[in-house]
Amino acid sequence: MSTPIALIDCNSYYCSAERAFDPRLKGVPVVVASNNDGCAIARSDEAKALGIKMGDPVHKIKDKIKAHGIRVLSSNYTLYGDMQRRVLAAVEPFARDIEVYSIDESFLDLGGFEDRDLVAHAQAMRAQVLQWTTIPTCVGIGPTKTLAKLGNAAAKKNPLFDGVADLRDEPIRDWVLERFPVEDVWGVGSATARKVKDLGIHTAAALRDMPVKQARSMGTVVLERLVAELRGVPAAVVETIEPQRKGMAVTRSFGQPVTDFDVLMGAIAQYAMRAGEKLRSHGLVAGRLTVLFHTNRFADRPQYGASRTLSLHPMTADGLELVRVARKGAEHAWRDGYAYTKAGVMLEDLVSAELRPRTLFEDETDTGRRERLMAALDDINGKFGRFTAVPGTQGFKREWQMRAAAKSPAYTTRIADVPVVRA
DNA sequence: TCTGGGGTCCTAGGACCC
DNA sequence: TCTGGGGTCCTAGGACCC
């Protein structure tokens, strides 16, 4: 008998986090938009009922927003990140181990709790999260991660489960899998769904019953493992230690198109500086940098996009060095006459800063000086807010700055924004 | 006028080597 | 009739996730 695994997932997480501090958002349709106020990335139940889909461009649903008074909020990741901390604090006592899978989902190793009624256990956990954060959740339980995930989706869809679906029970598992669309199974994307449907496989149960060899030859080992997991044979475990990161990226769409190299370079400089900050906060250095920018692929206008990858030696986390290298790449890739709408900086070959290989001609004093400069920069920007001290390359106008027309306050992380209750 | 951002894993195929 | 064989490393691109 394998250890039971649970998946706890927050319902309409970003919308729920916003509602925690603004009661006016309760009972009305709410949508949280992606960066630049571009797409709908979280919808309350009321917004879903109005037909708002995940990823809908906000400008294409303007009429619906107006007609139904849908509240559209800019995303506030500082708030969502801090609320996640609180959710996890509530969940912690209910599991032996936790794997934080995303900002609103965690896998729980329920080893040691087997002799309890796990449905009641999960209900108690949901109540705790709700009480501490006001955020509603659903829980799926199963012998494998895939089944826990599937149970979670079933609990969300079917009110019969009252928020908790335990798929360790075989009759219940079969009942759910036979009614579960194959394209909704975790790990089945549009390409795989198309292929298996051609074979007449339309449900999770049919996918489970697919011959393993056929799964392997049609897909990859990934599909083979997926079939095993649906059968209750674990192919993955709850991972409790965070793996070393392989890459890091800072990419943004612009608030308005950019046609001038220096202006573009301002944005790229900001992203490179931010990428450096991220590296340093993880204690890493990078060995390779990619700079990229492109035009709006949805627009009926001439298109151009390019990227350049350059190596960083010595490996570094120095923001100014990243800016210098990114500029070199951007100069190479630049073409006049286009309206660019997005740019980015990506870093690869990451290693821990202590393990950084030294190069032959490196000036240790100079390296030390630059490291202190970066530390000072992090200090200033940490204390007085991001972008307090920046290189001049970023420019002062920053017309490319992304739109965020309706961003909520930093209720939990900035003292001036803490809600005040008046008697 | 307005369509996000940041990740991971896997495979195929080329380069290179003995 | 039948192009040597086998190994590693790297990269690009696809697929998937939230």
Side-chain angles (χ1 to χ4, degrees), chain A residues 7-14 31-43 52-63 65 72-77 80-81 84 99-107 145-146 149 152-153 183-196 215-226 235-236 239 242-257 271 274-275 278 282 287-288 290 292 294-301 307 309 311 339 341-350 399-400 402-406:
Chain A
L7 180 89
I8 179 165
D9 180 307
C10 302
N11 302 351
S12 309
Y13 179 56
Y14 296 172
V31 161
V32 174
S34 63
N35 267 340
N36 223 22
D37 294 342
C39 302
I41 52 166
R43 305 105 69 220
I52 307 292
K53 300 269 181 296
M54 183 71 179
D56 274 352
V58 172
H59 74 91
K60 283 194 172 175
I61 53 171
K62 275 265 154 38
D63 293 348
I65 291 168
V72 180
L73 298 166
S74 307
S75 33
N76 183 348
Y77 292 103
Y80 313 147
Q84 177 188 32
E99 174 186 340
V100 178
Y101 178 64
S102 76
I103 197 161
D104 71 329
E105 281 176 69
S106 292
F107 284 104
K145 284 175 136 181
T146 304
K149 189 93 166 111
N152 180 272
E183 65 268 25
D184 293 347
V185 174
W186 184 45
V188 176
S190 58
T192 307
R194 213 178 319 115
K195 280 194 228 168
V196 296
R216 174 70 231 244
S217 64
M218 211 199 64
T220 63
V221 290
V222 180
L223 191 62
E224 189 182 349
R225 282 182 209 143
L226 179 52
E239 306 277 359
E242 225 177 296
Q244 152 89 64
R245 311 195 35 160
K246 303 211 159 46
M248 226 175 239
V250 179
T251 67
R252 296 276 179 283
S253 291
F254 300 145
Q256 48 179 280
Y271 307 160
R274 175 69 195 127
K278 272 169 86 170
H282 286 86
R288 218 150 40 129
T290 300
L292 60 97
H294 59 76
T295 52
N296 180 2
R297 65 183 195 282
F298 298 103
D300 191 19
R301 259 170 286 169
S307 71
T309 301
S311 45
T341 54
K342 183 175 175 170
V345 170
M346 303 195 311
L347 302 170
E348 289 164 295
D349 289 357
L350 309 186
E399 52 268 62
W400 36 266
M402 68 183 182
R403 287 184 295 267

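For the numbers below, each heavy atom of this structure counts, side chains included, while hydrogens, waters and symmetry mates do not. Below, chains carry the letters A, B, ... as their sequence lines are ordered, and counting in each starts from 1.
Distance A:Gln244 CD to B:dT8 P: 10 Å, rounded to the nearest Å. As a whole-Å value, the separation of A:Met54 CE from B:dG4 C1' is 10 Å. The interatomic distance linking A:Ile61 (CD1) with B:dT3 (P) rounds to 13 Å, in whole Å. Between A:Ile8 atom CD1 and C:dC18 atom P there is a gap of 16 Å when expressed in whole angstrom units. If you take CZ of A:Arg274 and C1' of B:dG6, they are 12 Å apart, rounded to a whole angstrom.
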Test log, rule side-chain contact (heavy atoms from CB on, under 4.5 Å), inputs A:Val221 and A:Arg216: CA-CA 6 Å; A:Val221 290; A:Arg216 174 70 231 244; 3.0 Å; yes
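Shown here, C:dG5 forms a base pair with B:dC18; the pair counts as Watson-Crick or G-U wobble because both key distances fall under 3.5 Å.
Among the atoms of the strands shown, only primed sugar atoms or phosphate atoms (P, OP1, OP2) are found under 4.0 Å from some heavy atom of A:Thr192. Here A:Gln256 lies out of heavy-atom contact (under 4.0 Å) with every strand. Using a 4.0 Å heavy-atom criterion, one finds that A:Met402 contacts no nucleic acid atom at all. Across all strands shown, A:Asp56 has no heavy atoms under 4.0 Å from either base or sugar-phosphate atoms. At a threshold of 4.0 angstrom between heavy atoms, the contacts of A:Arg297 with the nucleic acid are absent.
With salt bridges taken as basic N to acidic carboxylate O contacts below 4.0 Å, none links A:Asp37 and A:Arg403.
Residue A:Lys149 places at least one side-chain N or O under 4.0 Å from the OP1 or OP2 atom of C:dC18. OP1 and OP2 of B:dT1 both lie 4.0 Å or more from every side-chain N or O belonging to A:Arg403. For the OP1/OP2 pair of B:dG4 and a distance below 4.0 Å, the side-chain nitrogens and oxygens of A:Thr251 include no atom meeting the criterion. At least one side-chain nitrogen or oxygen of A:Lys278 sits closer than 4.0 Å to the OP1 or OP2 atom of B:dG7.
Counting distance only, with no hydrogens placed and no angle test, the side-chain atoms of A:Lys246 and the base atoms of B:dT8 include no donor-acceptor pair under 3.5 Å.
Comparing the same atom, C1', in C:dC17 and in B:dG4 gives a spacing of 15 Å after rounding to whole Å.
Within the 3.5 Å criterion, the main-chain N or O of A:Ile8 finds no donor-acceptor partner in the side chain of A:Asn152.
For the pair A:Tyr77 and A:Asn35, the minimum side-chain heavy-atom distance is below 4.5 Å.
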